[in-house]
Every structure is written in C-alpha cells, then in structure tokens.
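Single-structure report; data block below.
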Amino acid sequence: MPDAEGHPEPEEMELRTVLHALSDRRRYEVVSRLTREPEGAERHCTSFGLPVSKSTRSHHFRVLREAGLIRQTDRGNSRMATLRTTDLEARFPGLIDLIRNNPAELPGLV
C-alpha cells in the first residue's frame with residue numbers, strides 16, 4: 001500500500017505503470033535529467049522548466065510519484081523531487097541506465 005504521500009513500496013511498483021509514466025515526453029525528460037544528478041539529489045519541481053501550467057506540472061509529478069519513479073518531499077510551500085534510484089534498480093535492474101543512456105532533450109526546456 002502506498003504511503004500517506006502516495007509513494008508505492010518497491011514491491012508494489014508495476015512495470016506497466018512505470019512505462020506509462022515514462023511514455024510522456026515531459027515526464028521522461030524529468031526522469032532523464034534526474035538520472036544525471038548525484039544520487040539523492042533533490043530538485044524543485046519548477047527547476048525543470050516544463051512549459052506547462054502549474055496544475056499540469058503537478059499532474060506530471062503525481063504520475064511519476066505514483067508510479068514509484070520519484071519521491072517528493074515537502075519543503076515549506078514547495079515540493080522537491082528525488083529519483084528513487086535504489087528502489088528502481090532493485091525492482092527493474094538496468095532501467096536507470098537505459099534512461100540515462102537515451103536522454104530525450106526537449107527544445108525549450110532548461
């Protein structure tokens with residue numbers, strides 16, 4: 001059962017849900033960028049420069065969180081995202097390397 005913030009336990013992560021989350025080019029870009037950060041690095045959700053409304057950005061991060069790709073932490077009035085590298089590598093060996101080695105840089109995103 002997911003925790004109070006909606007993060008599934010590693011054994012609850014489903015490949016189809018993870019692949020669905022990654023099927024959107026903006027969500028894939030977020031995860032791709034996080035794979036190139038030091039392990040455990042936190043990034044503010046707005047730091048990805050997604051050219052979408054705040055509600056759409058929240059939706060994208062909710063999908064990533066509920067799939068188990070990221071962990072979100074509240075920091076005052078903002079949320080920080082961290083890639084769940086250890087959990088993902090244990091559940092889906094090699095997935096992080098595949099994403100890291102196949103970046104999908106989108107024009108206009110910082």
Are any non-hydrogen side-chain atoms of Asp87 and Arg71 less than 4.5 angstrom apart?
yes
Is atom CD of Glu89 surrounded by more than 12 heavy atoms (other residues, nucleotides or ligands) closer than 6.0 Å?
yes
Quick check on the hydrophobic clustering: are Met80 and Leu34 connected, directly or via other members, by side-chain heavy-atom contacts under 4.5 Å?
no
Taking all non-hydrogen atoms of both residues, which atom of Ala67 and which atom of Ala21 are closest, and how far apart?
CB-CB, 3.8 Å
Calculate, to the nearest 0.5 Å, the distance between atoms CD and CZ belonging to Gln72 and Arg79 respectively.
4.5 Å
What one should report as the nearest heavy-atom pair of Phe92 and Glu14 is CZ-C, 3.9 Å
Can you confirm whether Arg27 sits close enough to His59 that some side-chain heavy atom of one is under 4.5 Å from a side-chain heavy atom of the other?
yes
Heavy-atom side-chain proximity of Leu50 to Phe61 below 4.5 angstrom
yes
On a heavy-atom basis, which atom in Arg84 and which in Gly68 lie closest, and how many Å separate them?
CD-O, 3.2 Å
Where Arg100 and Thr35 come nearest, the two heavy atoms and their spacing
NE-O, 3.0 Å
Is it true that the side chains of Glu39 and Thr86 contain a donor and an acceptor less than 3.5 Å apart?
yes
What I'd like to find out is whether the side chain of Leu88 reaches to under 4.5 Å of the side chain of Met13, using heavy atoms alone.
yes
Using 0.5 Å steps for rounding, measure from the CD1 atom of Ile70 to the SG atom of Cys45.
6.0 Å
Evaluate the side-chain proximity of Asp24 to Val63: yes if any heavy-atom separation is below 4.5 Å, no if none is.
no
Evaluate the side-chain hydrogen bond (donor to acceptor under 3.5 Å, both in side chains) criterion for residues Arg36 and Ser32: first the C-alpha distance (whole Å), next the side-chain angles of each, then the deciding distance (0.1 Å), finally the verdict.
CA-CA 7 Å; Arg36 289 178 259 134; Ser32 177; 2.6 Å; yes
Rounded to the nearest 0.5 angstrom, the CZ-OG distance for Arg62 and Ser55 is 11.0 Å
Which heavy atom of Tyr28 sits nearest a heavy atom of Asn102, and at what distance?
OH-O, 2.7 Å
Donor-acceptor contact present, side-chain Ser23 to main-chain His20, <3.5 Å:
yes
Quick check: is Leu69 connected to Leu98 through a chain of hydrophobic side chains (ILVMFWY, heavy atoms under 4.5 Å apart)?
no
Is it true that Arg57 and His60 share a donor-acceptor pair across their side chains at a distance under 3.5 Å?
no
Does the side chain of Phe48 come within less than 4.5 Å of Arg43's, by heavy atoms?
yes
